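Notes to accompany the following structure.
The analysis underlying the following values was restricted to heavy atoms, covering all of them including side chains, and did not include hydrogens, waters or symmetry mates. A note on names: the letters A, B, ... follow the listed sequences, proteins ahead of strands, and every chain is numbered from 1. Note that this is a predicted model, so its numbers are computed, not measured.
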There are 2 protein chains.
Amino acid sequence: MSANDRQEEIEKRNQSACPTIQSLNEIGEIWRLNILHDLMDEEKRFNELKRSTNARSRTLSNALDSLIENGYVKRRTEEAAPIAVFYSLSEKGRALKPVFDELDDWAADWLDDVPADSV
Amino acid sequence: MSANDRQEEIEKRNQSACPTIQSLNEIGEIWRLNILHDLMDEEKRFNELKRSTNARSRTLSNALDSLIENGYVKRRTEEAAPIAVFYSLSEKGRALKPVFDELDDWAADWLDDVPADSV
DNA sequence: CGGCATCCTTGGAGATACTG
DNA sequence: CAGTATCTCCAAGGATGCCG
């Protein structure tokens, strides 16, 4: 089955690659990166993430599942009348903050349309 | 056409989002991230990247095109008998080094199976 | 509110072959 | 060596609806 082969390929790639590449396979996808970035500063609930990431519920749900499965994100449920679910970073996820901080810096330097201020 | 709508959606997402999210739309994809990471330390040629990233030539070609288009990567051609093409980071791309350095650190801390050496 | 189930579409990527 | 061309296919994601 090619599906299996595909899996094996990915597995193999994960095995052989350096840790960084491994991690990129876990988080290096647009939705997951968005979510991680959005959760960097604060806990958020499902619909908040849905709005901020602009993802469909199924897409968001899938991305969250994989992030939880790999230990980047934690789910917290509040049993109220309308049930409330909160997502936040695990320690592993929070440890990524310096990475995003650097990325923020970089983006500010290279993407911002700021005419001429810092440089 | 939904293709256009899709484009618009993406445009809109890029507009509204913070610079970091914009940048993630440019580089936040597994092949591109792989390439950037592989080029971080040294100039490489096509087939070297092909091997190190484990990508097909077309996939690699496409990813490189988009990276060049967005100014992360430079192409250099050496007109010899068997033509040689080299890829390296532009200044913009090189500026991402701290990001990958942080990611490397993180990966070493959280993914490496190293028993107990550094820590 | 926080999802899941379903249907459908699209493009990304695999495989293979070919060229300057 | 460094790609381009072609064909195919699958899975990610859009749209919509439903439910505890």
Item to complete: Would you tell me if any nitrogen or oxygen in the side chain of Tyr87(A) comes within less than 4.0 Å of OP1 or OP2 on dG3(C)?
Response: yes
Worksheet item: So what does Glu29(B) hit on the nucleic acid, given a heavy-atom distance under 4.0 Å: a base, only sugar-phosphate, or nothing?
Response: sugar-phosphate
Taking only distance into account, with no hydrogens and no angle test, what donor-acceptor pairs under 3.5 Å do side-chain atoms of residues 75-84 of chain B form with protein atoms, sequence neighbours excluded?
unit_1	atom_1	unit_2	atom_2	d
Arg75(B)	NE	Tyr87(B)	OH	3.3
Arg75(B)	NH2	Tyr87(B)	OH	3.3
Arg76(B)	NE	Glu43(B)	OE2	3.0
Arg76(B)	NH1	Glu78(B)	OE2	3.1
Arg76(B)	NH2	Glu43(B)	OE1	2.9
Arg76(B)	NH2	Glu43(B)	OE2	3.4

Practice prompt. Can you sort out the partners of Glu29(A) under side chain to side chain contact (heavy atoms under 4.5 Å, CB included), two or more places apart, ordered by chain and number?
Written response: Trp31(A), Arg32(A)
Item to complete: State which residues pass side-chain hydrogen bond (donor to acceptor under 3.5 Å, both in side chains) with Ser52(A); sequence neighbours excluded, sorted by chain then number.
Response: Asp38(A)
Discussion item. For the backbone of Lys50(A) and the side chain of Asn54(A), can you confirm whether one donor and one acceptor N or O come within less than 3.5 Å of each other?
Written reply: no
Discussion item. So, does Arg75(B) get its side chain near the phosphate of dG3(D), meaning an N or O under 4.0 Å from OP1 or OP2?
Written reply: yes
Discussion item. Let's see if you can work this out: which of dG3(C), dC1(C), dG3(D) has an atom nearest to the side-chain heavy atoms of Val85(B)?
Written reply: dG3(D)
Item to complete: Could you tell me the separation between the CZ atom of Arg56(B) and the P atom of dA15(C), rounded to a whole number of Å?
Response: 4 Å
Per-pair distances, 0.1 Å, donor-acceptor, side chain in residues 93-104 of chain A, under 3.5 Å, sequence neighbours excluded:
unit_1	atom_1	unit_2	atom_2	d
Lys97(A)	NZ	Asp101(A)	OD1	3.0
Asp104(A)	OD1	His37(A)	NE2	3.4
Asp104(A)	OD1	Thr20(B)	OG1	2.4

Item to complete: Keeping to residues at least two apart or across chains, list the ring pair (Phe, Tyr, Trp, His ring centres under 6.0 Å) pairs with something in residues 43-67 of chain B.
Response: none
Fill in: Contacting residues from residues 58-68 of chain B, given that a heavy atom lies under 4.0 angstrom of DNA chain D
Arg58(B), Ser61(B)
Discussion item. Can you pull out every ring pair (Phe, Tyr, Trp, His ring centres under 6.0 Å) where at least one residue sits in residues 48-68 of chain A? Sequence neighbours excluded, please.
Written reply: none
Discussion item. Are Asn62(A) and Ser66(A) packed together at the side-chain level, in the sense that at least one heavy-atom pair is separated by less than 4.5 angstrom?
Written reply: no
Discussion item. Angle between the two end axes of the helix from dC1(C)-dG20(D) to dG20(C)-dC1(D), five base pairs per end, rounded to 10 degrees?
Written reply: 60°
Worksheet entry | Side-chain N,O (Trp31(A)) to OP1/OP2 (dA12(D)) below 4.0 Å | no
Item to complete: Round to the nearest Å and state the distance from Ile30(A) atom CD1 to dG11(C) atom P.
Response: 17 Å
Discussion item. Rounded to whole Å, please give me the gap between CD1 in Ile35(A) and C1' in dG3(C).
Written reply: 14 Å
Worksheet item: Does a nitrogen or oxygen in the side chain of Arg45(B) sit under 4.0 Å from OP1 or OP2 of dC1(D)?
Response: no
Please produce a list of atom pairs where a protein N or O lies less than 3.5 Å from an N or O of nucleotides 17-20 of chain D.
none

Discussion item. Suppose we screen for side chain to side chain contact (heavy atoms under 4.5 Å, CB included). Which residues come up paired with Lys74(A), at least two apart in sequence or across chains?
Written reply: Ser88(A), Ser90(A)
